Amino acid sequence: MSITPIARRLTAPDIASRKNGQPIVSLTAYHAHTAAMIDPYVDFMLVGDSLGMVMHGFESTVPVPLELMIMHGAAVVRGSSHALVVVDMPFGSYEESPNIAFRNAARVMKETGCGAVKLEGGARMAQTIDYLTQRGIPVMAHIGLTPQSVHVMGGFKTQGREQSQWAAIEDDARTVAEAGAFAVVVEGVAEKLADRLTKMIEIPTIGIGASAQCDGQILVLEDMLGLSPRVPKFVKEFASLGAAIGGAVSAYCDEVRGRTFPGKEHVYAMKKQAGAVSGDTKDSKKTNKPDS
Ligand code: KIV
């Protein structure tokens with residue numbers, strides 16, 4: 001598929017304008033080099049707090065500190081130039097009051113250079129979403145399965161599989177849209193409910209474990225590349241990079257142990273010097289740059 005070049009980075013209003021349009025494509029990104037690889041293809045990259053589990057081995061996203069999000073967020077901004085970068089507000093950095101949320105979100109925007117933040121919660125976060133957007137911070141909301149509430153939910157549980165749960169989730173979707181969120185992640189909800197939410201609200205829904213009819217989709221990059229040891233049902237592995245890494249590392253180990261790596265093409269020969277006798281290293285002291 002051809003990629004249309006774009007002169008400037010996409011913005012939150014660009015994403016909002018895609019409601020009912022061409023599907024919005026998104027992936028998580030945590031480092032500069034993977035950000036650079038996916039940047040030409042996706043519309044926005046999320047520096048998700050899932051990095052706590054994927055990169056740092058935490059059991060949930062709850063322990064992730066703000067500083068870690070800022071460090072990864074800045075790396076992703078440095079590695080990209082086309083996609084909107086959205087940085088997750090971690091647990092404990094925004095729930096207490098709109099004031100505290102603003103202070104921390106402003107730090108994220110200033111110190112990373114990202115174009116928007118994401119926070120979890122529906123109706124209960126409406127006041128904060130309004131407060132941030134009124135003060136210049138574009139907010140992506142996140143409803144349905146909200147991983148930072150894992151201890152309240154009693155696990156990572158799919159939401160809205162019983163119709164009795166629908167009204168509360170519909171209220172969440174409506175309220176975050178009215179509060180000014182430019183898009184909303186709808187995670188781990190029954191497909192029928194995700195379809196209904198997408199028709200019901202005027203901002204794009206970004207599905208993960210939701211429905212193909214959402215206005216866009218997001219997956220954790222490592223999950224879709226086959227790098228994660230366990231993946232939920234909603235993940236499709238588009239590659240098997242975990243197996244490829246295992247194969248490459250095992251081949252490297254064999255070659256090191258068999259002394260076939262490094263080969264002649266990977267080592268540096270002496271410079272040829274007129275009149276120099278073999279083994280003369282005098283000139284090699286002039287520079288410590290490696291030969292090409
Ligand atoms: O933290 C994260 O990666 C997320 C997405 C998967 C939606 O919130």
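For ligands, and for the atoms within them, numbers begin at 1 and follow the listed sequence. Everything quoted here is computed from the prediction, not taken from an experiment.
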Would you say that more than 12 heavy atoms from the other residues, nucleotides or ligands in this model lie under 6.0 Å from the [atom1] of [X], or not?
| X | atom1 | answer |
| --- | --- | --- |
| E96 | CD | no |
| R161 | CZ | no |
| E67 | CD | yes |

Original post:
Is R259 close enough and on-axis enough to F261, meaning under 6.0 Å and within 45°, for cation-pi?
Top reply: no

Subject >> Nearest neighbour of atom 1 (O) of ligand 1 from the list L27, D49, V220, on a heavy-atom basis >> reply: D49

Subject >> Carboxylate-amine/guanidinium contact R196 E170, below 4.0 Å >> reply: yes

Check whether any N or O atom of [X], backbone or side chain, sits under 3.5 Å from an N or O atom of ligand 1, and answer yes or no.
| X | answer |
| --- | --- |
| E187 | no |
| T28 | no |
| Y30 | no |

Subject >> Sidechain-backbone polar pair: H82 side chain, D39 backbone, donor-acceptor under 3.5 Å >> reply: yes

Original post:
Backbone, side chain, both or neither: what part of D88 comes under 4.0 angstrom of ligand 1, heavy atoms only?
Top reply: side chain

Subject >> Region of L51 engaging ligand 1 - heavy atom pairs below 4.0 Å >> reply: neither

**OP:** For K118 and ligand 1, answer yes if some heavy atom of the residue is under 4.0 Å from a ligand atom, otherwise no.
**Re:** yes

